[in-house]
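Chain identifiers are assigned alphabetically (A, B, ...) following the order of the sequence lines, protein sequences preceding nucleic acid strands; residue numbering begins at 1 within each chain.
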Amino acid sequence: MTRVRFAPSPTGYLHVGGGSTALANWMFARQQGGEYLLRIEDTDTERNRPELTDNILEMLNWLGLEWDGEPIHQSDRSELYAAAAERLVGSGHAYYCECTTEQVQARNKAAGGKPGYDGFCRDRGLGPGPGRALRFRAPDEGATSFTDLIRGDVSFNNEAIEDFVVLRSNGRPTFLLANIVDDADMQITHVLRGEEHLNGTPKYLLLSAALGLDYHPVFAHLPLLVNEQRKKLSKRRDDVSVADYKARGFLPEAMRNYLALLGWGPPDGVEVRPIEEMVQLFRIEDVNSAPALFDIKKLTHINSEWIRLLDAADFVARGSEFVTGEDERAALTALAPLAQERVKVLDELPGYFDWVQGPADDPKSWDKGMKMPLALEALDAIIAAYDDAPWERDELHARFIALAERLDLSPRKIDAPLRVAVTGRTVGLPLFDVFEYLGRDETLARLRAGRARLA
RNA sequence: GGCCCCAUCGUCUAGUGGCCUAGGACACCACCCUCUCAAGGUGGCGGCACGGGUUCGAAUCCCGUUGGGGCUGCCA
């Protein structure tokens, strides 16, 4: 049975790159009818923060990427790694090293600036002890190769692989050791991870062989997600927190839809569609190997499509989280479909209802909309025309059109003064729906107030 | 520096030797629709990095160049 895993490290919140990797694993597992497991790689005790695990799990859930079984924590499995390390020592595949990072760097600098461990302790026969790390004895010749589902055959000369640390001097395993031990133990059949791990794969394979593991997973290194500078997305400089996107009003449906489109495209070209369909169509072999730029503009567009796909009640429910104030929420509920087709991201919603308590205070809009003497004329005329009007949208619209005709003006010309008088803005929801919602008294009061302010 | 990966419109992609005068989507521009803004419709702009091969035929295969990226940590 196909078994994949997503293995985040709780040294940061879930970011879109992680989301993308998780999604690929999830889709692949779903499609193959296999299992998608979660493994928390918390071997770096200095940097781990438990609340980040919560964030990761929460965001994975938000994205709808439910995992099978209970998440595994590497911090619970120290014995496994210790045993593996022991085996490496026993078979001569690893040795203890007492060099500090500074010492290694200093020697490298003296030797001409080549990075990497120089093998200083390789044959010193050191035993375990404080301050001593365990290093893997990488072969000096030969090559390590593998076939990647996305990249084809990849080969590394062992000569270029340094003696890397598998056990820190504090006794905790490094990522390299824990990773292979757990994948083998969990019987992961397909390792789908970011391209940044491509160079680590020969180490993984070497370790596996040295451990005597009869374990041969299939690899697929997914394209990196990059920013405008074509650099790997970074938590420090890029806007990548999944939680932030959620907070801004991006829908999980849209987020995973967009993520699925990075590095891959459905053969029929239909981009906006349920993830279940993506799962059917997805083919890991067809994933591109070139890095993909995370484009918020396109994400935003896809989000707007998903917003428009929501049924009205759902839209109101989700939108309400972004609208504060009882009255504003009531207006949202009443005018939902009109807002729904305008908003691209849910956090734009408050801006569409800032007229509920009274016209928004926006001098720019006022100056732009209240052009004299047109504004005065329009307001006087509409106040008169609405005085005895049945208070219903279509009727208000009809009288507005008739008025424009009588004044021999284009309707669009007299829209602005009315809109600014009532809502304070030159743009917004369809005017006559707003008038109807506000009611005769309130609307006329605002029109008169606007007129008074002009005179 | 070393090793590895990558290269189709600005961006995401379709394309797996003839269906390509290279298709779609986002963005952008114009027009239509229209009470504003959206939505929608129509049209437009725009690309196979370069050079060699292989082949009757190459965006597709091979080599090189150039360019970009990743890794090079007792982070993952």
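Within the nucleic acid shown, R419(A) comes within 4.0 Å of at least one base atom, counting heavy atoms only. Residue-level contact check: R308(A) touches the backbone only, with heavy atoms under 4.0 Å from sugar-phosphate atoms and none from bases. Contact annotation for R172(A): no contact, since no heavy-atom pair falls under 4.0 Å across all strands. Within the nucleic acid shown, G194(A) has no heavy atom closer than 4.0 Å to any nucleic acid atom. Nucleic acid contact class of P115(A) (heavy atoms, under 4.0 Å, all strands): base. If you check every strand for non-hydrogen atoms under 4.0 Å, A133(A) touches a base. Nucleic acid contact class of D148(A) (heavy atoms, under 4.0 Å, all strands): none. Contacts of G428(A) with the nucleic acid, taken as non-hydrogen atoms under 4.0 Å apart, include base atoms. Heavy atoms of S155(A) sit under 4.0 angstrom from primed sugar atoms or phosphate atoms, though from no base atom. The residue L293(A) sits close only to the backbone: its heavy atoms come under 4.0 Å of sugar-phosphate atoms, none of a base. In this structure, K344(A) reaches the sugar-phosphate backbone alone: every heavy-atom distance under 4.0 Å involves primed, P, OP1 or OP2 atoms, never a base. When heavy atoms are screened at a 4.0 angstrom cut-off, E228(A) is found touching no nucleic acid atom at all. Across all strands, G12(A) comes closer than 4.0 Å to no nucleic acid atom at all (heavy-atom distances). At the heavy-atom level, S304(A) lies nowhere under 4.0 Å from the strands shown.
One interatomic measurement links the two molecules: CG of D433(A) to P of A39(B), which rounds to 18 Å at whole-angstrom precision.
Listed candidates were A38(B), C35(B), C26(B). Nearest to the side chain of E341(A) is A38(B). Here the nucleotide nearest the side chain of V427(A), chosen from U36(B), C4(B), C12(B), is U36(B). Of the candidate nucleotides C4(B), C35(B), C12(B), C4(B) has the atom nearest to the side chain of F156(A). Of the candidate nucleotides C74(B), C35(B), U11(B), U11(B) has the atom lying nearest to any side-chain atom of R230(A).
Side chain S169(A) to base C74(B): a donor-acceptor pair is found below 3.5 Å. On a pure distance criterion of 3.5 Å, a polar donor-acceptor pair joins the side chain of R412(A) and the base of U34(B). Between the side chain of R151(A) and the base of C6(B) there is no donor-acceptor pair of N/O atoms closer than 3.5 Å.
Screening L177(A), I188(A), L80(A) for a side-chain contact (heavy atoms from CB on, under 4.5 Å) involving D182(A) leaves a single residue, L80(A).
Neither OP1 nor OP2 of U72(B) sits under 4.0 Å from any side-chain N or O of K203(A). The shortest distance between the side-chain N/O atoms of R283(A) and the OP1/OP2 oxygens of A14(B) is not below 4.0 Å.
The partner of A25(B) is U11(B), by the rule that a Watson-Crick or G-U pair needs both atom distances under 3.5 Å.
A cation-pi geometry, defined here as NZ or CZ lying under 6.0 Å from the six-membered ring centre and within 45° of its normal, does not hold between R399(A) and F435(A).
Aromatic ring orientation, F146(A) versus F156(A): parallel (interplanar angle below 30°, classes split at 30° and 60°).
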Which is it for R151(A) and E195(A) under the side-chain contact (heavy atoms from CB on, under 4.5 Å) test, yes or no, and what are the steps along the way? CA-CA 10 Å; R151(A) 287 152 214 281; E195(A) 194 202 321; 3.7 Å; yes
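At distances below 3.5 Å, not a single donor-acceptor pair connects side-chain atoms of N227(A) with backbone N or O atoms of L233(A).
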